[in-house]
Amino acid sequence: DLRLLGRDLRKTIIIDNLKENFMSTTPDNGIHINDFEGCFDDTELPKYEKFLTKLASRDEQDVRDVIF
């Protein structure tokens with residue numbers, strides 16, 4: 001539950017392969033990704049690198065408005 005972190009949820013994102021980890025408490029803050037396959041060639045997180053880098057460089061008032 002991201003709310004337990006004590007951080008501003010307008011500036012907080014969870015990236016997780018288990019939707020259950022965010023859907024019941026903070027669904028608008030979550031990005032669901034595929035499972036890690038245990039291979040060093042796994043590319044799931046790098047798929048989001050440009051998006052996250054751009055998001056971090058912008059002064060978004062609420063990240064929940066831009067994640068999908």
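Just so you know, residue 1 is the first one in the sequence shown, and it goes up from there.
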Evaluation steps, side chain to side chain contact (heavy atoms under 4.5 Å, CB included), between Phe22 and Ile31: CA-CA 9 Å; Phe22 58 86; Ile31 297 176; over 6 Å; no
Pair Gln61-Asp59, side chain to side chain contact (heavy atoms under 4.5 Å, CB included): steps then yes or no: CA-CA 6 Å; Gln61 294 298 309; Asp59 187 27; 4.1 Å; yes
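With hydrogens and angles ignored, the 3.5 Å screen pairs no side-chain donor or acceptor of Thr53 with any backbone N or O of Lys50. Between the side chain of Asp28 and the backbone N or O of Arg64, no donor-acceptor pair lies under 3.5 Å.
Applying the side-chain contact (heavy atoms from CB on, under 4.5 Å) rule to Glu60 yields the partners Leu55, Arg58, Val66; only residues at least two apart in sequence or on another chain are considered. Every salt bridge (Lys or Arg N to Asp or Glu O under 4.0 Å) that Asp8 has, sequence neighbours left out, goes to Arg10.
Around the NZ atom of Lys19, the shell of radius 6.0 Å holds no more than 12 heavy atoms that belong to other residues, nucleotides or ligands.
In this structure, Ile15 and Leu52 have side chains that are in contact, with non-hydrogen atoms separated by less than 4.5 Å. Counting heavy atoms from C-beta on, the side chains of Arg3 and Leu9 come closer than 4.5 Å.
If you take OH on Tyr48 and CD1 on Ile13, they are separated by 11.5 Å, rounding to the nearest 0.5 Å. Here the straight-line distance linking atom CG of Leu18 with atom CG of Asp35 works out to 7.0 Å at 0.5 Å rounding. For the atom pair CG (Asn21) and CG (Asn17), the distance works out to 7.5 Å, reported to the nearest 0.5 Å. To the nearest 0.5 Å, atoms CD1 (Ile14) and CG (Leu5) are separated by 8.5 Å.
Nearest approach of Asp42 to Glu44, heavy atoms of both residues: OD2-N, 3.2 Å.
Under the 4.5 Å side-chain heavy-atom criterion for grouping Ile, Leu, Val, Met, Phe, Trp and Tyr, Leu45 is connected to Phe51 within one hydrophobic cluster. Neither Met23 nor Ile33 shares a network with the other; the hydrophobic side chains, linked directly or stepwise wherever heavy atoms of I, L, V, M, F, W or Y lie under 4.5 Å apart, form separate groups for each.
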